[in-house]
**Q** 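Here it is, the structure in full.
Note that the coordinates shown come from a computational prediction; the quantities given were computed from them, not determined experimentally. Naming: A, B, ... by sequence-line order, numbering from 1 per chain.
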Amino acid sequence: MTAFSTSPGTRDILAPDSERWRAFQNVFAEVALASGYRYIIPPMFEDLGVFLRLGEATDVVTKEMYDFEDKGGRRIALRPEQTASVCRAFVEHRPVTPWKVWYAGPNFRYEKPQQGRYRQFDQVGVEVLGVDDPHLDAEVIALADEFYRRLGLRKVELAINSLGDAGDRQRYADALQAYFTAHKASLSAESQTTLAKNPLRVLDSKRKEDQSVIAGAPKIEEFLSPAASEHFAEVKRSLTGLGVSFTVNERLVRGLDYYRRTTFEFVSTALTAAHTAIGGGGRYDGLVEELGGPATPGIGFALGLDRTLLACDAEGVFPAPNGDVSVFVVDTTGGSHATRLCRVLRGAGISADRAFDGRSMKAQMKAADRSGAKIALIVGTNEVESGSIVMRSLSSGEQTTIAHGDAVSAVTQLLANQGS
RNA sequence: GUGGGCGUAGCUCAGUUGGCUAGAGCGCCAGGUUGUGGUCCUGGAGGUCGGGGGUUCGAGACCCCUCGUCCACCCCA
C-alpha cells in the first residue's frame with residue numbers, strides 16, 4: 001500500500017517551525033492590537049463572485065483560483081487573499097467606521113510551487129475601511145514597518161507609489177496602452193501579451209529587453225488628479241514625520257486590479273531568491289462598492305509568513321522559540337509515580353514530561369536528556385520506600401534528595417537558580 | 001502553463017563503463033555501566049533503490065511514461 005504525502009504546494013509545518021509560526025502571529029497580534037485593530041476570522045472559502053472582484057485581468061482570478069462546485073451547486077473558491085473577504089464582511093455586517101481589523105491565516109492559489117511560493121500560504125495583514133485620511137495610509141504602512149522591526153529585520157526596504165483615483169488610473173492605463181502599442185515591436189513577447197490584458201503590469205516586467213521602453217513610458221505622476229496628488233504628498237510627509245524611510249517607485253503597480261491611490265511594497269534585500277517581496281498593500285477605494293456596499297474607502301496590507309521568515313533566516317533573526325519542558329520525571333517502579341508527579345508539577349504551572357512503557361532507567365535518562373528538560377526527578381524503589389525523590393540537574397549533574405511533598409517548591413527554586 | 005536539476009534507510013548522501021545477499025555518517029533501539037543522560041565502545045532494527053513499462057543472461061545504474069520535489073520563467077506574499 002502506497003503511503004500518502006502532502007499535495008503539491010502544501011506541507012506539514014512541524015516543530016520547531018510550527019512554534020515559530022505561532023510566535024510570528026503572536027508578535028503581529030501584539031503590534032496590531034496596540035494600534036486598535038481587532039481580530040477577524042473570515043471563512044477560508046467564499047462564493048466565487050467575491051474574488052472575481054479582484055479583477056478580470058489578474059492571474060489570481062484567471063488562472064490561480066481554487067474553485068469548485070459544492071454539493072449544493074454553489075460556485076465556491078478557496079480564498080486567494082483576505083482583503084476581498086474582509087470587504088464582503090463589511091458589506092454583510094455594516095460595522096461602524098473606521099473599521100480596523102487584522103487577520104492571520106492561510107490563502108490558496110493554484111500556482112506552480114517554488115521557493116517562497118506555495119499553493120497554501122499564510123499571510124498576516126490588516127485592513128481599515130471607512131477612512132480617507134492620508135494619515136491612515138501612513139499609520140498602516142508604519143504598522144508593517146514596526147512589525148518588521150519587532151521581528152528583528154533590518155534589511156527591509158519600502159517602496160511606495162500612487163496609482164491615483166479610478167479616473168486617473170484609467171487615463172494612465174490608456175496612455176500606457178498607446179505608448180506601449182507604439183513601441184510594441186521592441187517589447188518582449190511576454191510583455192506584448194501582458195499589454196493586451198493590462199498595460200500597467202508591463203511596467204513590472206523584469207526582462208532586460210523591456211527596460212529601455214519602460215524607462216521612456218509616461219509617468220503616473222502626470223496623471224494624478226490634484227486631490228490624489230495632494231493625498232500622496234501628505235502620505236509622504238506623514239511617513240517622513242514618523243521616521244519611516246521609503247523610496248517612491250513610479251513603476252510599482254502591484255498585481256491586483258483594485259488598488260487605487262497609495263500602493264506600497266516591502267522588499268527584503270537579504271533575500272536572493274526570485275521572490276524578495278515580503279509584503280505589500282495599498283488603497284482599494286471602490287472595492288466595497290463593487291461588492292454591493294456603500295462607497296467606502298479602504299486600505300490594508302498583507303505580509304507573507306513564509307517569505308518573511310525566509311528573510312528572518314537570511315538575517316539570522318527571530319529564531320524558533322524553545323519548546324522544551326522544564327522537568328522530566330523518571331520512574332523505574334512502573335510509572336504510577338511519574339503519573340502523579342507530572343500532574344502535580346503541571347498543575348503548579350511547571351511543564352513536565354515522562355517516559356512510558358516501563359523503560360530502563362538508562363533509557364529514561366536518555367529521554368530526559370533529549371527532552372531538553374533542566375531537571376530530572378527520579379523515583380526508584382529506594383525513593384518509594386523512603387518517601388523521597390532524587391532531583392538531578394541535567395546540566396550540572398548535581399543531585400539532591402528531597403521529600404516527596406517538596407517536589408514543586410524544590411523544582412521551582414532550582415529552576416529559578418538555573419534560569420539566570 | 002513553460003523550461004531545467006534531482007528522486008537510494010527517519011535525515012544527509014555514496015554506489016565506478018549495468019555484474020554476488022544495496023552501503024556510510026547522523027538519528028533510533030539494546031548492551032558495555034545490577035538504579036543515572038549528555039562522551040566513548042559493541043551490537044541491532046530499519047530500504048518493494050518514487051511508481052509503471054521496456055532493453056538485457058543480469059538494471060539502483062540504460063530507454064520510455066508517470067508521479068513527486070527543487071530551481072527558474074509567468075505572476076505574486
**Q** Using atom NE2 of His275(A) as one end and atom C1' of C70(B) as the other, report the distance to the nearest whole Å.
**A**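 Spelled out: NE2 on His275(A) to C1' on C70(B) is 14 Å.
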**Q** Base, sugar-phosphate or nothing for Gly397(A)? Non-hydrogen atoms, less than 4.0 Å.
**A**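 Base, at least one base atom sits under 4.0 Å.
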**Q** Let me know the distance between OH of Tyr258(A) and C1' of C76(B), rounded to the nearest Å.
**A**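 Those two atoms, OH and C1', are 12 Å apart.
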**Q** Out of A30(B), G37(B), G35(B), which has the shortest distance to the side chain of Lys366(A)?
**A**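 Taking heavy atoms from C-beta onward, the closest nucleotide is G37(B).
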**Q** Gln115(A) side chain: which of G35(B), C71(B), G32(B) is closest?
**A**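 Taking heavy atoms from C-beta onward, the closest nucleotide is C71(B).
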**Q** Return the set of residues passing salt bridge (charged side-chain N to carboxylate O under 4.0 Å, His left out) with Asp313(A) (not counting sequence neighbours), or none when no residue passes.
**A**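 Applying salt bridge (charged side-chain N to carboxylate O under 4.0 Å, His left out) to Asp313(A) gives Arg20(A).
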**Q** Roughly, in whole Å, what's the span from NZ in Lys362(A) to C1' in G38(B)?
**A**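 Spelled out: NZ on Lys362(A) to C1' on G38(B) is 12 Å.
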**Q** Decide if the gap between the ring center of Tyr103(A) and the ring center of Tyr39(A) is smaller than 6.0 angstrom.
**A**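 Between Tyr39(A) and Tyr103(A), which both carry aromatic rings, the centre distance is not below 6.0 Å.
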**Q** What does Arg109(A) touch in the nucleic acid at a heavy-atom separation under 4.0 angstrom: a base, only the sugar-phosphate, or nothing?
**A**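 If one applies the 4.0 Å heavy-atom cut-off, Arg109(A) turns out to touch a base.
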**Q** As a test of reading the structure: which of G31(B), C74(B), A72(B) is closest to the side chain of Arg117(A), going by heavy atoms?
**A**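 Selected nucleotide (nearest to the side chain): C74(B).
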**Q** Whole-Å distance between A77(B) P and Leu271(A) CG?
**A**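 Atom CG in Leu271(A) sits about 15 Å away from atom P in A77(B).
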**Q** Closer than 4.0 Å, any side-chain N/O of Arg359(A) to the OP1 or OP2 of A30(B)?
**A**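 Affirmative; the distance criterion is met.
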**Q** Looking only at side-chain atoms of Lys63(A), point me to the closest of G38(B), A77(B), C74(B).
**A**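 Ranking G38(B), A77(B), C74(B) by closest atom to the Lys63(A) side chain puts C74(B) first.
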**Q** Checking contacts here: which listed nucleotide (C75(B), U36(B), A77(B)) is nearest the side-chain heavy atoms of Glu64(A)?
**A**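 Taking heavy atoms from C-beta onward, the closest nucleotide is C75(B).
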**Q** NA contact type, Pro8(A), heavy-atom cut-off 4.0 Å: base, sugar-phosphate, or nothing?
**A**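 Answer is sugar-phosphate: Pro8(A) comes under 4.0 Å of backbone atoms only.
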**Q** Please confirm whether the shortest side-chain N or O distance from Gln114(A) to OP1 or OP2 of C70(B) is below 4.0 Å.
**A**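 For C70(B), neither OP1 nor OP2 has a side-chain N or O of Gln114(A) closer than 4.0 Å.
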**Q** Once you round it to whole Å, what is the distance between P of C73(B) and CD of Glu111(A)?
**A**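 Rounding to the nearest Å, CD of Glu111(A) and P of C73(B) are 13 Å apart.
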